[in-house]
Chemist: 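Take this structure, written in structure tokens, and hold onto it; I'll ask about it next.
Each chain gets a letter, A, B and so on, in the order the sequences are listed, and its residues count up from 1. Because only heavy atoms are used, hydrogens play no part in the values below, and waters and symmetry mates are left out as well, while side chains stay in.
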Amino acid sequence: MTTATIGGIGKFDGQEVTIQGWLYNLREAGKLLFPQFRDGTGVIQGVVVKKETPEVFETVKHLTQETSMRVTGKVRADARAPGGYEMQVTGVEVLQRIPPEDPYPITHKEHGPDFLLERRHLWIRTPRQNAILRIRHEVIRAVRDCLDGEGFILVDTPIFTPAACEGTTTLFECDYFDEGKAYLTQSGQLYNEATSAALGKTYCFGPTFRAEKSKTRRHLTEFWMVEPEMSYAGIDDVMDLCERFVSFIVGRVLERRAADLATLGRDLSKLQTVLTPFPRISYDDAVAILKRKGSAIEWGGDFGNADETLLGEEFDRPVMVHRYPAAIKAFYMQPDADRPELALGVDVLAPEGYGEIIGGGQRIHDYDLLMSRIKEHGLPPEAFAWYLDLRKYGSVPHAGFGMGIERVVSWICGLEHLREAIAFPRMLYRIYP
RNA sequence: UCCUCAGUAGCUCAAUGGUAGAGCAUUCGGCUGUUAACCGAAGGGUUGUAGGUUCGAAUCCUACCUGAGGAGCCA
């Protein structure tokens with residue numbers, strides 16, 4: 001007997017196959033049963049007619065939601081079935097029937113976020129969560145394909161680090177044998193600067209940790225970030241890469257995951273406009289736009305979430321805001337040659353209120369300038385000795401950025417909350433399951 | 001860390017100082033094309049915890065616990 005996946009069931013129209021999955025739902029209509037099966041690739045409706053297969057009818061009639069089973073039957077196209085195909089069930093092999101005294105907790109009705117998050121290990125079985133996780137997979141594949149295709153080399157950076165990368169944000173601390181404290185990385189960027197000087201163009205891609213007590217739908221304490229870095233590059237190279245990168249990713253999801261976007265009810269017209277070039281506006285221009293739109297922002301201040309939403313809704317694709325006041329950016333940002341009070345940093349803001357998805361820019365390549373910035377920020381120079389070495393031995397202008405995967409997935413999927421963009425979200429008051 | 005809101009059946013919610021209820025889920029019965037199927041019945045409660053006010057508290061007050069949304073900070 002041929003084993004088939006539900007997602008590819010169309011290839012077996014008219015044939016008898018076996019599928020391996022779980023009971024998603026069971027509808028009854030007298031002497032007819034309509035069990036629905038899922039296997040992670042899709043959902044298919046089965047039909048059981050009592051007078052044709054009485055033994056199968058009696059077995060299926062008493063099955064409970066999420067019972068694991070192998071099902072055999074003849075596949076045929078049927079417009080009445082959700083998904084377009086139906087299976088005339090001729091045999092079932094039940095692996096584990098869930099007992100009615102302790103039924104599967106997640107029903108087809110509404111549930112609250114607390115209930116679902118406590119059962120995230122089960123929640124991910126639902127079609128909507130399946131679709132999000134498949135899109136996340138596609139985003140990650142596109143990230144790799146795009147950067148690999150552009151000649152970047154993946155060089156992963158450490159997760160245990162000896163000190164703060166940027167000195168300001170709160171870090172997760174742990175004991176590291178006799179070496180004292182270690183911290184979970186909040187960015188691979190400083191190491192990327194070393195690897196890009198070794199290999200030209202590199203990127204790292206892995207989990208990142210922030211111990212800030214942020215409690216919003218835009219924050220996780222553990223999230224995944226991809227960070228490309230380029231030697232012999234400046235802020236314009238970063239912006240060029242950003243727009244190619246983001247449009248490539250969105251294009252890939254539209255091309256390969258249309259069915260999943262449909263499951264989510266995503267408005268595709270909001271994604272189809274994400275094509276190069278992206279608008280590029282200076283921080284000065286952004287402040288002017290915000291003031292016109294009624295924001296209380298003053299020049300020199302950083303954008304709040306409301307400001308990012310206001311800027312994002314000005315455009316039909318992500319907008320790149322560049323040249324921020326140096327005072328509100330990280331210590332390693334290269335100053336603008338024409339206006340030293342500005343840093344050559346760029347943020348990419350997604351439309352529809354999704355806010356910042358990318359932050360990056362050009363790094364300081366001059367030893368003395370970097371040393372003075374480290375001291376100005378009250379950071380210990382000895383901890384940055386290796387980082388300063390990069391400016392002693394063949395320093396070149398270099399630039400890069402970091403992109404938060406969950407924020408991009410959240411935007412592409414049109415999610416209400418970042419927590420659905422990762423299988424097991426880590427948040428301020430939640431570390432289970 | 002601060003501000004706001006919410007905790008009632010397994011789940012989603014109602015009951016606004018006077019006998020704790022509905023839908024779904026579960027079990028049983030009915031229905032030969034269901035689309036979160038539908039119809040009928042049954043079981044299911046220390047109203048987050050601890051105090052207080054009152055003849056009487058799910059409801060009012062205080063503290064605590066848990067969660068959510070937002071601010072700040074950031075991807």
Side-chain angles (χ1 to χ4, degrees), chain A residues 24-36 43 45-52 57 61-62 64-66 78-84 86 88 98-119 126-128 165-166 168-171 185-189 205-227 301-308 328-330 347-350 354-360 401-411 416-419 421-422 427-430 432:
Chain A
Y24 176 65
N25 197 10
L26 177 62
R27 298 193 184 99
E28 297 180 60
K31 305 293 185 292
L32 285 180
L33 297 175
F34 297 99
Q36 293 183 308
V43 176
Q45 173 168 292
V47 189
V48 183
V49 182
K50 187 174 186 181
K51 70 179 180 186
E52 291 176 8
F57 185 91
K61 185 180 169 63
H62 294 99
T64 45
Q65 192 190 352
E66 285 300 313
D78 191 317
R80 293 170 297 186
E86 196 168 73
Q88 190 80 35
I98 299 181
E101 314 85 72
D102 188 12
Y104 186 71
I106 299 177
T107 69
H108 298 288
K109 295 288 179 179
E110 282 180 36
H111 298 286
D114 184 43
F115 181 83
L116 290 170
L117 286 165
E118 281 294 311
R119 292 158 184 80
T126 59
R128 175 184 162 82
C165 288
E166 304 184 15
T168 53
T169 24
T170 325
L171 296 163
T185 182
Q186 60 183 342
S187 166
Q189 186 218 307
F205 185 22
T208 305
F209 307 87
R210 302 282 165 92
E212 282 130 0
K213 296 201 166 180
S214 297
K215 189 170 160 38
T216 78
R217 68 181 77 190
R218 290 175 162 92
H219 289 89
L220 299 170
T221 55
E222 176 183 315
F223 64 96
W224 283 65
M225 186 156 68
V226 55
E227 297 176 274
D302 210 349
F303 305 136
N305 277 329
D307 294 321
E308 289 185 357
I328 57 170
K329 286 291 173 185
D347 284 353
V348 179
L349 309 179
Y354 284 93
E356 185 178 352
I357 54 172
I358 284 178
F401 64 83
M403 185 180 83
I405 292 299
E406 289 77 16
R407 286 197 178 169
V408 170
V409 171
S410 197
W411 162 52
E416 289 280 310
H417 198 299
L418 215 53
R419 64 191 165 211
I422 187 168
M427 294 177 292
L428 182 52
Y429 295 121
R430 194 176 289 283
Y432 178 92

Chemist: Taking atom types as they are modelled, would you say the side chain of A/Arg218 forms a donor-acceptor pair with the base of B/C73 within the 3.5 Å cutoff?
Modeler: no

Chemist: For the side chain of A/His417, starting at C-beta, report the closest nucleotide among B/G69, B/U32, B/C74.
Modeler: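 From the listed options, B/G69 comes nearest.
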
Chemist: Grab the CD-P distance between A/Gln65 and B/A36 for me, whole Å please.
Modeler: 14 Å

Chemist: Using the P atom on both, measure B/A20 against B/A58 and round to a whole Å.
Modeler: 8 Å

Chemist: If we call it a pair only when both distances are under 3.5 Å in a Watson-Crick or G-U wobble match, what pairs with B/U19?
Modeler: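 Here B/U19 is not engaged in any pair, so there is no nucleotide opposite it.
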
Chemist: Across the strands shown, which category fits A/Gln45 at heavy-atom distances under 4.0 angstrom: base, sugar-phosphate, nothing?
Modeler: base

Chemist: Checking base pairs now: Watson-Crick or wobble, both atom distances under 3.5 Å. What partners B/C60?
Modeler: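 For B/C60, the partner nucleotide comes out as B/G52, under the 3.5 Å rule.
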
Chemist: Please state how far atom CD in A/Glu118 lies from atom P in B/G67, giving the value in whole angstrom units.
Modeler: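 Whole-Å distance recorded here is 8 Å.
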
Chemist: Searching all strands shown, indicate the nucleotide that pairs with B/A75 (Watson-Crick or G-U wobble; both distances under 3.5 Å).
Modeler: none

Chemist: Does any N or O in the side chain of A/His219 come within less than 3.5 Å of the main-chain N or O of A/Leu418, such that one atom is a donor and the other an acceptor?
Modeler: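 No, A/His219 side chain to A/Leu418 backbone: no donor-acceptor pair under 3.5 Å.
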
Chemist: Please report, rounded to the nearest Å, how far the C1' atom of B/A75 is from the CD atom of A/Glu212.
Modeler: 10 Å

Chemist: Scan A/Glu28 against the nucleic acid and name what it touches under 4.0 Å (heavy atoms): base, sugar-phosphate only, or nothing.
Modeler: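 Base: the residue A/Glu28, judged by heavy atoms under 4.0 Å, touches a nucleobase.
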
Chemist: For A/Asp102, report the nucleic acid contact type (base, sugar-phosphate, nothing); a contact means any heavy atom under 4.0 Å.
Modeler: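 A/Asp102: no heavy atom of the nucleic acid under 4.0 Å.
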
Chemist: Just the atom pairs and distances: protein N or O near nucleotides 9-13 of chain B's N or O, under 3.5 Å.
Modeler:
{"from": "B/C11", "atom 1": "O2'", "to": "A/Glu110", "atom 2": "O", "distance (Å)": "3.0"}
{"from": "B/C11", "atom 1": "O2'", "to": "A/His111", "atom 2": "ND1", "distance (Å)": "2.6"}
{"from": "B/U12", "atom 1": "OP1", "to": "A/Gly112", "atom 2": "N", "distance (Å)": "2.8"}
{"from": "B/U12", "atom 1": "O4'", "to": "A/Glu110", "atom 2": "O", "distance (Å)": "3.4"}

Chemist: Now, which nucleotide makes the Watson-Crick or G-U wobble pair with B/G7, with each of the two distances under 3.5 Å?
Modeler: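 In the structure as shown, B/G7 has B/C65 as its Watson-Crick or wobble partner.
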
Chemist: In whole Å, what is the span from the CG atom of A/Leu171 to the P atom of B/C73?
Modeler: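 The answer, rounded to whole Å, is 17 Å.
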
Chemist: For A/Lys50 and B/U34, what is the distance between atoms NZ and C1' respectively, to the nearest whole Å?
Modeler: 17 Å

Chemist: Hey, is the side chain of A/Arg128 poking within less than 4.0 Å of OP1 or OP2 on B/A36, counting only N and O atoms?
Modeler: no

Chemist: Is B/A25 paired to anything, Watson-Crick or G-U wobble with both distances less than 3.5 Å, and if yes, which nucleotide?
Modeler: none

Chemist: Is there a Watson-Crick or G-U wobble partner for B/C38 with both distances under 3.5 Å, and which nucleotide is it?
Modeler: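 Because both required distances fall under 3.5 Å, B/C38 counts as paired with B/G30.
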
Chemist: Can you tell me if the side-chain N/O atoms of A/Lys31 get under 4.0 Å from OP1 or OP2 in B/C31?
Modeler: yes

Chemist: Could you tell me the separation between the CG atom of A/Asn305 and the C1' atom of B/A75, rounded to a whole number of Å?
Modeler: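 It works out to 12 Å between those atoms.
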
Chemist: When you measure from the side chain of A/Asp78, which nucleotide among B/G72, B/G33, B/A68 comes out closest?
Modeler: B/G33

Chemist: NA contact type, A/Ile106, heavy-atom cut-off 4.0 Å: base, sugar-phosphate, or nothing?
Modeler: nothing

Chemist: Is A/Met403 touching bases, backbone alone, or none of the nucleic acid, heavy atoms closer than 4.0 Å?
Modeler: nothing

Chemist: Ring centres within less than 5.5 Å and planes less than 30° apart: is that true of A/Tyr429 and B/G67 in this structure?
Modeler: no

